[in-house]
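The structure appears below as structure tokens.
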Amino acid sequence: MRTPIIAGNWKMHKTIAEAVRFVQELKAGSAAAGVEQVICAPFTALAALAEALKGTPIALGAQNVHFEEQGAFTGEISPLMLKEIGVRYVIIGHSERRQYFNETDETVNKKVLAALKHGLKPIVCVGESLEQREAGETAAVVRRQTEAALAGVDAAQLADVVIAYEPIWAIGTGKSSTAEDANETIAIIRGAIAERFGQAAAQTVRIQYGGSVKPENIDSFMAQPDIDGALVGGASLTAESYLQLVAGAAGQRQS
Ligand SMILES: O=C[C@H](O)COP(=O)(O)O
């Protein structure tokens, strides 16, 4: 059975002080068992969070990484730098990075390979735009993005990869996909992984849904057979809501 994974993506939110306060509030709440938990914070808050999260079940994640170890890449952060801080996960290819920062299937793949090489677990984002969805291209888009992201990844490395299916039209809009639709697309992604790595390996890969997930709807997504957790933006920003998401994910899996 795949362990569900709830990852908060704070995007460009929270100063260091705010990030540390979040963890203090989190510690006052109770953490649910049986769910892997991650918080992907801005680069500036990572070092302080590495310290603050000690003794909690939450793993630290970043939101981007460069594919080179070092060099003349002004403004970029390398996998070695993230590892040194204690980062374990890194979001790669989020649609906001594809849309606003020229991230391509090719750079996503380079970043995935670099992350795995340095012991970071990539959370690889795939998902279609509204235009692509309305043109009936959802399956082709997510298959292409998945295959491209995983080019050159070997079977052993696949165990460290998490995929996040995020339909772009559902991000931050309050319009989530229906759980059934999300499950159907995630099954297509799993099928693409199976074609490349075999059915057994594909069944072990965790695939999250992301896009307007909240404490009120997490149950419906977690009840789907192919959905293994969520990548959550807005609703991960308060400790109360984050804890509710984790508890929701745990409740469904325990029932
Ligand atoms: O990475 C998270 C996703 O972009 C979803 O964001 P959201 O939960 O605010 O819709």
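Each ligand, and each atom within it, is numbered from 1 in the order the structure gives. Residue numbers run from 1 in the order of the sequence given.
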Atoms in ligand 1 with a heavy atom of [X] nearer than 4.0 Å:
X	value
G211	5 (C), 10 (O)
G172	7 (P), 9 (O), 10 (O)
S212	7 (P), 8 (O), 10 (O)

When you measure from [atom] to every protein heavy atom, which one gives the shortest distance, and what is it?
atom	result
atom 1 (O) of ligand 1	N9 ND2, 2.9 Å
atom 9 (O) of ligand 1	G234 N, 2.9 Å
atom 6 (O) of ligand 1	K11 NZ, 3.3 Å
atom 8 (O) of ligand 1	G233 N, 2.9 Å
atom 2 (C) of ligand 1	E166 OE2, 3.1 Å

Exercise for review: Mind telling me whether F22 and W10 have parallel, tilted or perpendicular rings, with 30° and 60° as the class edges?
Suggested key: perpendicular
N or O contact, [X] vs ligand 1, cut-off under 3.5 Å:
X	value
T173	no
G210	no
H94	yes
L231	no

Report yes or no: does [X] contribute a side-chain atom to a donor-acceptor pair with the main-chain N or O of [Y] at less than 3.5 Å?
X	Y	answer
E166	G127	no
R98	C125	yes
S241	T238	no

Can a donor-acceptor pair be found between the side chains of [X] and [Y] at a distance below 3.5 Å?
X	Y	value
H118	E69	yes
Q99	S95	no
E131	W169	no

Exercise for review: Please verify whether a non-hydrogen atom of A235 lies at under 4.0 Å from ligand 1.
Suggested key: no
**Study point:** Close approach, K214 and ligand 1, non-hydrogen under 4.0 angstrom
**Key:**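 Contact absent.
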Review point. Between V246 and V35, what is the shortest heavy-atom contact and its length?
Key: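 Nearest pair, atom of V246 first, then V35: O-CG2, 3.9 Å.
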Study note, to complete from the structure: What one should report as the nearest heavy-atom pair of R190 and V205 is NH1-O, 2.6 Å
**Study point:** Structural part of I171 in contact with ligand 1, heavy atom criterion under 4.0 angstrom
**Key:**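 For I171, backbone and side-chain atoms both sit under 4.0 Å from ligand 1.
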Point to revise | Passing option when V65 is tested against V90, I77, V87 for side chain to side chain contact (heavy atoms under 4.5 Å, CB included) | key: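 So the option named by the test is V90.
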